[in-house]
Structure formats: C-alpha cells, structure tokens
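So the structure is just underneath, and the comments pick up after that.
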Amino acid sequence: MNRVLGLTQLTLIGVGAIIGAGIFSLAGAVARNVAGPAVLVSFLIAGVASLCAAFAYAEFAGMVPRAGSSYTYGAAVLGELVGWIIGWDLLLEYTAIVAAVSIGMSGYVGYLLNAVGLQLPVWMLGAPGSGEGHRVDLIAMLICLGVAWLLNRGTRTSARVDVVLTVVKIAVVLLVVVVGLMQVKTSNLTPFAPFGFGGAVAGAATVFFAVFGYDALSTAAEESVQARKHLPKAMILSLAISMVLYVLACVVLTGMVNYTEVDPKSGFSAAFSSVGLGGVGIVVAIGAVLGIVTVSFSFMLGASRLWYALSRDGLTPKWFGELHPKRRVPHRATWIIGVASAALAGLVPVQEVAELTNIGVLLAFVIVSAAVVVIRYRRPDLPRSFRCPGMPVVPILGIGFSVWLMSFLALETWLRLLGWLLVGMLVYVLYGYRNTRKVLPGGSVDLAELSRLAGDDQPVAAASTTTKEL
C-alpha cells in the first residue's frame with residue numbers, strides 16, 4: 001500500500017470516525033427514549049470505557065503498525081484462533097457501523113428535502129418496522145454505495161475528501177455549541193435522569209459505537225507515514241477532541257428543548273427550528289449529512305483493510321484482499337462491504353444495527369485490553385512508542401467496563417453475534433486453519449517480524465518470539 005497519511009490526516013480520520021451519527025442522530029433517540037438529559041452521562045460512561053481500551057490500542061499501534069488492528073494484536077499475543085475470532089467479528093461490526101451511520105444521515109437528508117418543499121414517497125424513507133409505510137431506506141443504501149466508490153478512488157484522493165468533510169463537520173458542531181448554548185433553558189434539564197441511573201447506563205451501551213472510531217483508525221497503519229510514532233497520538237487526540245464536543249452538544253440538545261420533544265431522527269436541526277432558528281437548523285442538517293459521510297468512510301476503510309489482512313494471512317481466500325493494480329486499495333473487499341452495508345442500512349432499523357455493532361466492538365476491546373497486559377509482562381523488551389498508563393489497572397478497567405456495557409444489550413443481539421461467530425468457526429475449520437499455514441508456517445504471528453514487515457522507519461527489536469513461545 002502507499003504510505004501517504006500523516007499525523008493531522010490520521011487524527012482527522014479518527015475524529016471523522018468518532019463524531020457522526022452518535023451526535024447528530026443517536027444522541028436524540030437515546031435522550032428521548034432511554035436517558036433524558038442524562039444522555040450526557042451516557043456519553044461520559046461510554047467515553048471512560050473507551051479511553052481505557054484506547055490506551056491499550058495505542059500501545060499495540062506503537063508496537064505492531066499493521067493493517068489488521070485487533071485481529072493482528074489478538075493473534076500475536078493470544079494465538080491465531082483468538083485473532084481469527086476477533087477479525088471475523090469486526091468484519092460484521094464495521095459493516096454494521098457503516099449501515100447505522102448511513103441510516104442516521106438519511107434522516108437529515110429528509111429534513112433538508114422537506115425544507116425545500118420536496119416530499120419523498122413514504123416507502124423509501126426507512127426500513128420495515130421503522131415507521132408506518134416504510135419498506136426500505138433508499139437514501140442510506142445510496143450513501144453506503146457512494147462511500148465504497150469514493151474509497152476505491154485511492155487512499156490519497158479519498159483521504160483528502162475525508163479531511164475536508166471532517167473540518168466542515170467540526171465547524172458545524174462548534175456552530176451548534178456556540179449558538180445553542182445561548183438558547184439553553186435550565187428548566188429543560190430537569191428532571192435530569194427521568195429514567196434513573198439505569199437509563200443512563202443503558203444509553204451508554206447504545207451510544208458506545210459513537211466513541212470508538214480510533215480502532216478503525218489503526219487499520220490504516222500500512223498507509224501511514226511513521227505509523228509507530230503517529231498512530232498512538234492520533235488515537236488519543238481524536239478521542240479527546242470528540243468527547244469534549246459530545247459533552248457540549250448533549251447539553252445544548254437537551255437544554256434547548258425538553259427531552260420528550262427531541263426529534264430522534266434530526267435532533268439538532270429540529271431543535272433549532274423549534275426556537276425560531278430554522279436557518280441554523282438547515283446549516284446543521286447540511287453539516288450532518290457531510291459529516292456522517294466521514295464516519296462511513298473511516299469504518300468502511302477499516303473493514304476493507306481488515307479483510308485485506310485476513311486474506312494476506314491466508315485465513316480467507318486471497319481473491320478478496322487483492323489490491324487494485326493502479327490505486328493499490330483492496331477494491332473487491334470494499335465493494336462487497338459497500339453492498340452488504342447498503343443491504344443492512346436499507347432493511348434493518350437503526351437501533352438493531354447499533355446494538356449489533358456495539359457487542360462486537362466491546363468484545364474486541366476485552367480481547368485487546370487482556371492482550372496488552374499479557375504482552376507487557378511477557379515481552380517488556382519489545383520497542384514501544386507508547387505505553388498504556390496504570391498497568392494493569394487501566395486495561396482491567398477497560399475489560400470491566402466493556403463486559404458491564406455488554407450486559408445491558410438485548411438477548412437477540414447476543415444470539416446474532418453467536419450465530420455469526422459459529423459461521424466464522426466453520427470458515428476457519430474448513431478453509432482458514434489449513435490455508436494459513438502456507439502463509440504463516442506454524443500458525444503463529446511473530447511480533448518483531450511484523451514490525452519489520454510493516455516498513456516503518458522506527459527501530460525494531462532484534463529478538464523474535466512466536467505465539468507458541470509466549
């Protein structure tokens with residue numbers, strides 16, 4: 001792959017992945033139905049849990065700058081089978097994230113069309129079960145396919161577009177905060193937790209997918225300049241910037257209108273319209289549409305690069321991960337993920353897609369947080385450009401938070417994950433286990449060798465230890 005991404009681009013890709021449907025759409029739905037004004041607490045809980053895992057990801061990114069992200073980290077420390085499970089899991093979760101945020105964007109597109117007097121047929125406004133007369137969310141489907149097309153233009157071109165859109169999105173969020181704070185009424189913030197503390201926690205389990213974009217960022221390691229140095233910084237910076245904006249935006253949303261009146265599809269635009277600032281509402285809707293594209297971009301990039309890594313290591317057929325001869329991107333994987341996410345976005349309600357996303361990523365956080373503890377104590381000699389602080393307390397907190405949030409997800413969500421993992425085990429037994437040994441003899445992943453193959457310009461440890469030796 002071509003190394004073209006620097007620290008600024010990486011940080012903006014991270015911010016682009018984190019800030020999206022979570023702030024523009026899902027925050028409104030959670031405030032109205034689950035948490036009330038305590039949606040602010042929901043984001044803080046999710047943010048703390050995410051930060052604990054972010055430190056673990058940052059240590060691995062500074063040690064193993066490879067495109068496989070959680071898959072590579074898990075395989076290198078806990079073995080090939082664990083790596084495969086998490087890689088297979090994240091293929092589904094990243095695809096579901098693209099679908100979820102595209103659904104969130106379609107609500108703002110509908111708001112804009114209504115503002116100019118255009119009314120779309122009811123049948124194309126949402127997935128079955130999301131509203132009366134809804135048959136398919138056509139706008140969300142087109143968004144998914146459009147992002148797949150953009151990613152296949154090449155990393156340099158698509159990254160430039162993503163950076164521009166992310167800057168626009170940040171500007172819109174700042175506009176929301178500055179103008180919205182002047183419209184806040186403290187009376188709207190009481191009762192602060194109408195659904196109790198349990199509602200705030202349940203909201204955290206739902207909004208969690210809005211605060212972990214940095215893990216998709218790590219899949220761009222092999223397209224990054226000085227990946228060991230820049231990736232850990234970009235992860236922490238992107239999460240910090242996003243959490244500040246999330247907190248301020250939640251105060252604005254639930255302070256401008258009572259939580260019972262929040263529009264779950266186009267919360268901020270509708271809130272500004274309700275206080276006589278319809279023009280600001282339109283600007284926010286435009287920013288939401290452009291900004292949510294960046295989330296779809298980041299996670300579809302993550303899914304396609306993950307599939308590239310799985311194919312390169314022999315766990316899935318090489319055909320899926322082959323690079324375009326000119327643009328040097330995994331074009332086949334990108335188009336397949338684009339079509340799959342379009343199908344999910346068009347036919348499944350956003351709440352179900354969001355919960356499916358969260359359980360998979362929380363599982364990844366548990367594995368990566370455990371792996372960073374194991375590798376710190378078994379291989380303290382490996383070069384690290386970043387070290388997870390508070391070892392082993394912080395990673396253990398990350399595991400605890402993740403398991404806790406997973407316990408609030410519906411049984412149906414657990415069953416869907418289990419079904420997907422069973423399919424993955426079948427693929428591994430029938431194909432991956434035998435084939436990967438032609439690519440990675442012994443089925444092990446060598447940390448020092450991975451660092452050398454990454455082509456980064458940082459020093460690499462001379463020592464070499466396989467998973468079996470660990």
Side-chain angles (χ1 to χ4, degrees), residues 16-17 20-22 24-26 88-113 120-131 133-153 158 161-162 165 209-210 213 216 219 265 288-308 316 319-321 324 327 329-358 360-361 416 419-420 423:
F24 288 115
S25 180
L26 200 59
W88 180 255
D89 164 55
L90 288 181
L91 272 182
L92 174 63
E93 309 319 321
Y94 285 178
T95 303
I97 292 172
V98 175
V101 298
S102 298
I103 296 169
M105 193 195 313
S106 70
Y108 280 94
V109 173
Y111 177 91
L112 287 173
L113 294 176
L120 294 176
V122 175
W123 65 267
M124 67 166 59
L125 295 179
S130 63
H134 290 179
R135 295 290 179 269
V136 63
D137 194 330
L138 187 60
I139 295 173
M141 294 183 73
L142 293 175
I143 291 165
C144 293
L145 296 175
V147 171
W149 175 84
L150 174 62
L151 277 169
N152 274 313
R153 298 303 92 196
S158 56
V161 174
D162 180 72
L165 295 181
F209 91 90
T219 63
K265 288 189 175 181
V289 170
L290 296 178
I292 294 176
V293 169
T294 65
V295 184
S296 298
F297 170 91
S298 297
F299 281 101
M300 193 177 292
L301 180 147
S304 60
R305 273 50 177 180
L306 173 60
W307 202 342
Y308 163 77
T316 60
W319 182 88
F320 292 107
H324 189 280
R327 301 188 181 101
V329 294
H331 58 116
R332 291 169 181 161
T334 301
W335 276 119
I336 294 172
I337 292 164
V339 172
S341 61
L344 276 176
L347 301 174
V348 181
V350 64
Q351 188 80 8
E352 294 182 22
V353 178
E355 290 188 357
L356 180 62
T357 293
N358 288 341
V361 176
R416 292 187 188 107
W420 177 253
V423 173

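Heads up: numbering here begins at 1 and tracks the sequence.
Counting heavy atoms from C-beta on, the side chains of M141 and V136 come closer than 4.5 Å. The closest side-chain heavy-atom distance from T334 to V329 is not below 4.5 Å.
Here the side chain of W88 pairs a donor or acceptor atom with the backbone of W420 at under 3.5 angstrom.
Distance CD1/I139 to SG/C144: 12.0 Å, rounded to 0.5 Å. To the nearest 0.5 Å, the span separating CE on M300 from CD1 on I97 amounts to 11.5 Å. One finds the OG atom of S304 at 8.0 Å from the CG atom of N152 (value rounded to the nearest 0.5 Å). Remark: L90 CG to F299 CZ distance equals 10.0 Å, nearest 0.5 Å.
Across all their heavy atoms, H324 and H331 have their closest contact at N-CD2, 3.3 Å. Smallest separation of non-hydrogen atoms from G302 and Y94: C-CD1, 3.6 Å. For A303 against L91, the heavy-atom pair with the smallest separation is O-CD2, 3.7 Å. Considering all non-hydrogen atoms of both residues, V98 and V101 come closest at O-CG2, 3.4 Å. Between W335 and L145, the shortest heavy-atom contact is CZ3-O, 3.9 Å.
Sorted by first and then second residue, the pairs that involve residues 330-341 and meet salt bridge (charged side-chain N to carboxylate O under 4.0 Å, His left out), not counting sequence neighbours, are E322-R332.
Using cut-offs of 30° and 60° for the angle between ring planes, the F320 and W307 rings count as parallel.
Remark: L142 pairs with L138 by the side-chain contact (heavy atoms from CB on, under 4.5 Å) rule, at least two apart or across chains.
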Would you be so kind as to tabulate the donor-acceptor pairs closer than 3.5 Å made by side chains of residues 336-348, with sequence neighbours excluded?
unit_1	atom_1	unit_2	atom_2	d
S341	OG	I337	O	3.0
S341	OG	G338	O	2.9

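In the displayed structure, R416 atom CZ is contacted under 6.0 Å by more than 12 heavy atoms of other residues, nucleotides or ligands.
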